[in-house]
J.: 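Below: one structure in structure tokens.
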Amino acid sequence: MNAVLIIDKPAGLTSHDVVNRVRRILQEKSVGHLGTLDPLATGVLPLVIGNLTRLAQFYTSSEKTYEGTIRFGFATDTYDAEGEPTSAAQAVTLSLDQVRQLASRFQGVIEQVPPPFSAKKIQGVPAYKLARKHAEVSLKPVKVEVKEFEISGLENDRARFHARVASGTYMRSVAHDMGQLIGCGAHLESLRRTAVGEFELADAHTLEELAAVVKTGQTEDLFIHPRKLLPQFPSVTANEEMAARIRTGRPVNLPELSQARLVKVFAGQRELIAIATRVAGTLFHAKIVLTGEPQLTNPEAM
């Protein structure tokens, strides 16, 4: 089973929990995800299955889109609603314009300190493991990019937002830092990821839906069509001779794609057999091979 599946992650599960459940449902060991979602968060969690786990390297810098709620009045140690308050709650009176002006200070390329409860490593140890032991967590600021950050509404001490960010940006830190600037504390109360790269909520399925469809044997209907993957790369449909060369690691000549650096190679409409890289001129070599030789049907076994 080689596929990409988008799960609408429920709140309360880690991304690894979801991977384990999908492994059991599909009875497939080789399953990975393309970007961690915190347990509190819901929404788009792309999973790569079988040989397509090799595509993960092309999604490490994927853009993400979120919607959620920031609560003002107190901060927490995790920077979200699951943490312990680090200060007494206080009443806040904010206007929509105030919050929007505050949000504008977080747009563009900014320096951000990751949350202490995060997967960022300190001398090889994930920060959250140190934070759980109440050890000192000292993370250095990193440059991140907030491409869009719009406050869509304000109700009392809660601001609703929409954000589009570059990979590596923590919305928990954005919420925490907004609270620090305004002086009343704040944390991320809810978060829903609505897109990762080319994958959107419209592509997503619940774990329950997946389990139900597996029983019918129609799982392919839930998978992302291979032609929709990595839209930034051009694609070519290989004939039998070219497919055989690609599968066995031999170079191929693709004159019509001489300007491309990386190319998706298909056999037929659905079988993505390789990602090829240009080595010289119009000569391409497989960077990763995703399928082996096609299986031949033995007529005597029918």
Side-chain angles (χ1 to χ4, degrees), residues 8-15 17-18 33 35-45 62-92 94 96 98-108 110-120 126-128 131-132 137 139 141-142 144-196 201:
D8 185 350
K9 190 188 89 66
L13 295 182
T14 68
S15 298
D17 290 337
V18 173
H33 64 73
T36 302
L37 264 181
D38 292 333
L40 171 91
T42 66
V44 174
L45 183 65
S62 292
E63 184 177 279
K64 278 96 173 174
T65 305
Y66 298 99
E67 57 186 29
T69 304
I70 297 168
R71 183 179 180 184
F72 294 92
F74 65 97
T76 71
D77 57 357
T78 59
Y79 297 3
D80 64 18
E82 294 196 324
E84 295 295 324
T86 56
S87 61
Q90 55 180 293
V92 294
L94 297 168
L96 183 57
Q98 276 182 297
V99 179
R100 283 178 171 166
Q101 286 179 17
L102 182 61
S104 69
R105 298 176 65 175
F106 291 86
Q107 293 190 49
I110 62 173
E111 284 208 333
Q112 179 184 82
V113 177
F117 284 82
S118 68
K120 292 288 184 181
Y128 69 86
R132 285 174 183 167
V137 176
L139 290 164
V142 294
V144 299
E145 185 178 6
V146 179
K147 300 181 179 182
E148 293 178 15
F149 186 29
E150 300 173 0
I151 304 299
S152 56
L154 179 70
E155 293 180 14
N156 300 317
D157 57 359
R158 292 169 168 85
R160 298 187 306 278
F161 69 86
H162 164 87
R164 183 169 61 88
V165 303
S167 181
T169 307
Y170 285 91
M171 291 311 299
R172 281 188 288 148
S173 288
V174 171
H176 177 82
D177 293 346
M178 288 177 72
Q180 294 293 100
L181 273 180
I182 210 166
C184 63
H187 62 275
L188 187 65
E189 186 173 63
S190 67
L191 187 69
R192 183 160 178 77
R193 190 157 68 187
T194 56
V196 176
L201 271 176

J.: Contact between I182 and L94 at the side-chain level, heavy atoms closer than 4.5 Å - yes or no?
T.: yes

J.: Would you say D38's side chain and L40's backbone share a donor-acceptor pair under 3.5 angstrom?
T.: no

J.: Keeping the roles fixed (side chain from T76, backbone from A81), state whether a donor-acceptor pair exists under 3.5 Å.
T.: no

J.: Identify the two heavy atoms, one from H187 and one from F74, that lie closest to each other, and give their separation to 0.1 Å.
T.: ND1-O, 3.0 Å

J.: Take R105 and F149, measure what side chain to side chain contact (heavy atoms under 4.5 Å, CB included) needs, and give me the verdict at the end.
T.: CA-CA 10 Å; R105 298 176 65 175; F149 186 29; over 6 Å; no

J.: Please walk me through it: do V18 and H33 pass side chain to side chain contact (heavy atoms under 4.5 Å, CB included)?
T.: CA-CA 9 Å; V18 173; H33 64 73; over 6 Å; no

J.: Do the rings of H176 and Y79 sit parallel, tilted or perpendicular, given the 30° and 60° boundaries?
T.: parallel

J.: Would you say N156 has more than 12 foreign heavy atoms packed within less than 6.0 Å of its CG?
T.: no

J.: Go through it in stages, so that I can follow the logic: the residues are R192 and L201, the test is side chain to side chain contact (heavy atoms under 4.5 Å, CB included), and I'd like the CA-CA distance, side-chain angles, deciding distance and then a yes or no.
T.: CA-CA 10 Å; R192 183 160 178 77; L201 271 176; 3.4 Å; yes

J.: Would you mind listing every salt bridge (charged side-chain N to carboxylate O under 4.0 Å, His left out) that reaches into residues 155-171, with sequence neighbours excluded?
T.: E63-R164, R71-D157, E148-R164, E155-R160, R158-E189

J.: When you measure from the side chain of R172 to the backbone N and O of L188, does any donor-acceptor pair fall under 3.5 Å?
T.: no

J.: Taking K9 for its side chain and A41 for its backbone only, find out whether a donor-acceptor pair lies under 3.5 Å.
T.: yes

J.: Between T78 and G83 (side chain of the first, backbone of the second, donor and acceptor by atom type, cut-off under 3.5 Å), is there such a pair?
T.: yes

J.: Is the shortest side-chain heavy-atom distance between H162 and S152 below 4.5 Å?
T.: no

J.: Identify the heavy atoms of G35 and S15 that sit nearest to each other, and give their distance.
T.: O-OG, 4.5 Å

J.: Decide side chain to side chain contact (heavy atoms under 4.5 Å, CB included) for V165 and V144; before the verdict, give the C-alpha distance in whole Å, the side-chain angles of both, and the deciding distance to 0.1 Å.
T.: CA-CA 8 Å; V165 303; V144 299; over 6 Å; no

J.: Do Y66 and R193 make a side-chain contact, defined as non-hydrogen atoms from C-beta onward lying under 4.5 Å apart?
T.: yes

J.: Testing the basics here: between I70 and A186, what is the closest heavy-atom pair and its distance to 0.1 Å?
T.: CG2-CB, 4.1 Å

J.: Please check if the side chain of S173 supplies one atom and the backbone of V113 the other of a donor-acceptor pair under 3.5 Å.
T.: yes

J.: Should T65 and T194 be marked as a side-chain hydrogen bond (donor to acceptor under 3.5 Å, both in side chains) after you check the CA-CA gap, both sets of side-chain angles, and the distance that decides it?
T.: CA-CA 5 Å; T65 305; T194 56; 4.8 Å; no

J.: Report the distance from atom NZ of K64 to atom OG1 of T169, rounding to the nearest 0.5 Å.
T.: 8.5 Å

J.: Between D77 (side chain only) and E84 (backbone N and O only), is there a donor and an acceptor less than 3.5 Å apart?
T.: yes

J.: Using the side-chain contact (heavy atoms from CB on, under 4.5 Å) definition, which of the options V174, I151, V99 pairs with F161?
T.: I151

